[in-house]
Amino acid sequence: MNESDFNLKHQNHSTESKIVASLERISQAFRVLLWQESKEHALSPIQVQVLIFLLNHSDEKRKVSYLADEFNMTKATISETIKSLEQKNLITKEYEPHDTRSYIIHLTQKGKEIADKTSYFTRQMSIPLQNLDEETKDNLLESLFAMINHLNKSGVITIQRMCTTCAYFRPSSEGKEPVCGLLQKVLYAEDLRIDCPEHQMKA
């Protein structure tokens with residue numbers, strides 16, 4: 001019978017459960033850091049996340065429907081978030097001429113400044129990673145890619161823009177490294193992307 005990863009008697013004898021419990025602790029840290037940053041700017045955590053996303057992604061991804069899928073929320077919830085950000089003069093809407101119900105969301109100058117500042121909320125997470133040797137970091141990255149890929153395939157995580165879910169990705173074979181068909185280059189561990197602007201989902 002499978003035991004819970006939080007059953008201490010089981011966890012203390014299972015490397016897999018210790019890893020899962022460690023990831024859960026890290027997720028708590030992310031929530032704490034994000035909450036601290038959001039309070040400083042009188043924003044909610046999701047408002048901060050949306051601002052950071054808008055700062056770093058292209059027009060076609062800056063729409064309510066895409067944001068709803070990105071953050072695994074309803075369109076109504078995201079629309080309410082956008083309404084609040086607009087009231088705070090952090091975003092503007094550019095309505096599309098062919099469909100006045102659809103619009104692209106742009107950051108105002110004030111919105112850009114706050115998005116840029118809050119995007120550093122993860123800096124404490126980066127410090128211990130900087131102390132790892134390159135091989136350890138590469139192995140960790142590949143392991144996390146495998147976990148995220150599994151969660152995506154099982155429907156837990158919806159949108160992914162990483163190499164292994166891309167139509168351009170050519171998996172490794174016969175001992176050779178994987179290749180990006182778009183860039184026409186070999187992808188070593190350090191070249192793999194978790195969020196690629198040229199990503200095309202596999203059909």
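Source: prediction; values computed, not measured.
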Subject >> side chain to side chain contact (heavy atoms under 4.5 Å, CB included) assessment of Glu198 paired with Arg193 >> reply: CA-CA 10 Å; Glu198 285 84 29; Arg193 297 178 179 182; 3.2 Å; yes
Original post:
Do Leu23 and Val32 share a hydrophobic cluster, counting only Ile, Leu, Val, Met, Phe, Trp and Tyr and linking them when any side-chain heavy atoms are less than 4.5 Å apart?
Top reply: no
Original post:
Taking Ser17 for the side chain and Ser14 for the main chain, is one N or O donor matched with an acceptor at less than 3.5 Å?
Top reply: no
Original post:
Between Gln184 (side chain) and Gly181 (backbone), is there a donor-acceptor pair under 3.5 Å?
Top reply: yes
Original post:
Is the backbone of Ile52 close enough, under 3.5 Å, to the side chain of Asn56 for a donor and an acceptor to pair up by distance?
Top reply: yes
Subject >> Distance (rounded to the nearest 0.5 Å) between Leu182 CG and Cys163 SG >> reply: 10.5 Å
**OP:** Give the cluster check for Met147 versus Phe6: same hydrophobic cluster or not, with ILVMFWY residues linked at side-chain heavy-atom distances below 4.5 Å.
**Re:** no
**OP:** Start with the C-alpha gap between Leu187 and Val179, add the side-chain angles, then the distance that decides, and say whether side chain to side chain contact (heavy atoms under 4.5 Å, CB included) holds.
**Re:** CA-CA 5 Å; Leu187 296 173; Val179 172; 5.9 Å; no
Original post:
OG/Ser27 to CD/Glu24 distance, rounded to the nearest 0.5 angstrom?
Top reply: 4.5 Å
Subject >> Check: Asn12 side chain, Leu8 main-chain N or O, donor-acceptor pair, under 3.5 Å >> reply: yes
**OP:** Taking the side chain as every heavy atom from C-beta outward, state whether Lys63 and Ile104 have any atom pair closer than 4.5 Å.
**Re:** yes
Original post:
With sequence neighbours left out, which residue pairs that include part of residues 104-113 fulfil the salt bridge (Lys or Arg N to Asp or Glu O under 4.0 Å) condition?
Top reply: none
Original post:
Can you tell me if Ser119 uses its side chain to pair, donor with acceptor, with the backbone of Asp116 under 3.5 Å?
Top reply: yes
Subject >> Of all pairs that satisfy salt bridge (Lys or Arg N to Asp or Glu O under 4.0 Å), the ones with a partner from residues 142-152, not counting sequence neighbours >> reply: none
Original post:
Any link between Phe169 and Leu141 through a network of hydrophobic side chains (Ile, Leu, Val, Met, Phe, Trp, Tyr) touching at under 4.5 Å?
Top reply: yes
Original post:
Which value, rounded to the nearest 0.5 Å, describes the distance between Trp35 atom CH2 and Leu43 atom CG?
Top reply: 10.5 Å
**OP:** Report the distance from atom CD of Glu135 to atom CG of Asp138, rounding to the nearest 0.5 Å.
**Re:** 8.0 Å
Original post:
So does Gln28 have more than 12 non-hydrogen atoms from other groups sitting under 6.0 Å from CD?
Top reply: yes
Original post:
Counting distance only, does the side-chain N/O of His150 pair as donor-acceptor with the main-chain N or O of Ala146 below 3.5 Å?
Top reply: no
Original post:
What closest approach, in Å, do Ser79 and Val64 show between heavy atoms, and which atom pair accounts for it?
Top reply: OG-CG1, 3.6 Å
Original post:
Taking Thr77 for the side chain and Met73 for the main chain, is one N or O donor matched with an acceptor at less than 3.5 Å?
Top reply: no
**OP:** Look only at the side chain of Ser44 and the backbone of Gln47, and say whether a donor-acceptor pair between them is shorter than 3.5 Å.
**Re:** yes
Original post:
Would a 4.5 Å heavy-atom cut-off, applied to side chains only, mark Phe71 and Gln49 as touching?
Top reply: yes
**OP:** Please round to the nearest 0.5 Å and tell me the distance separating atom SG of Cys180 and atom NZ of Lys185.
**Re:** 8.5 Å
**OP:** Sequence neighbours left out, what pairs pass salt bridge (Lys or Arg N to Asp or Glu O under 4.0 Å) with at least one residue falling in residues 71-93?
**Re:** Glu86-Lys93
**OP:** Look at the side-chain heavy atoms of Ile, Leu, Val, Met, Phe, Trp and Tyr, link any pair under 4.5 Å apart, and say whether Val50 and Tyr66 land in one connected group.
**Re:** yes
Original post:
Sub-3.5 Å donor-acceptor pair from the side chain of Thr108 to the main-chain atoms of Leu90, do we have one?
Top reply: yes
Original post:
Do Ile82 and Tyr103 touch side chain to side chain, with heavy atoms closer than 4.5 Å?
Top reply: yes
Original post:
Under 6.0 Å from the CE atom of Met125, do we count more than 12 heavy atoms belonging to anything else shown?
Top reply: yes
Original post:
Are any non-hydrogen side-chain atoms of Ile91 and His106 less than 4.5 angstrom apart?
Top reply: no
Original post:
Among all residues two or more places apart in sequence or in another chain, which pass the side-chain hydrogen bond (donor to acceptor under 3.5 Å, both in side chains) test with Thr92?
Top reply: none
Original post:
Roughly how far, to the nearest 0.5 Å, is the CG atom of Leu55 from the CD1 atom of Ile114?
Top reply: 12.0 Å
Subject >> Exercise: do Asn139 and Thr136 side chains pair donor with acceptor under 3.5 Å >> reply: no
**OP:** Answer yes or no: does atom OH of Tyr120 have more than 12 heavy-atom neighbours from other residues, nucleotides or ligands under 6.0 Å?
**Re:** no
Subject >> Leu54 side chain reached by Lys61 side chain, heavy atoms, under 4.5 Å >> reply: no
Original post:
Within the distance-only criterion (no hydrogens, no angle test), does the side chain of Arg62 pair as donor or acceptor with the backbone N or O of Ile105 below 3.5 angstrom?
Top reply: yes
Subject >> Flag side-chain contact, heavy atom, 4.5 Å: Leu67 against Thr81 >> reply: no
Subject >> Qualifying salt bridge (Lys or Arg N to Asp or Glu O under 4.0 Å) pairs, either residue in residues 152-169, two or more places apart >> reply: Glu70-Arg161, Arg161-Asp195
Subject >> Close side-chain approach of Pro45 and Ser38, heavy atoms under 4.5 Å >> reply: yes
Subject >> In one Ile/Leu/Val/Met/Phe/Trp/Tyr side-chain cluster, 4.5 Å: Ile127, Leu132 >> reply: no
Subject >> Heavy-atom check, side chain of Leu33 versus side chain of Thr122, under 4.5 Å >> reply: no
Original post:
For Ser102, what residues pass the side-chain hydrogen bond (donor to acceptor under 3.5 Å, both in side chains) criterion, not counting sequence neighbours?
Top reply: Glu96
Subject >> Basic-acidic side-chain contact under 4.0 Å: Glu40, Lys117 >> reply: yes
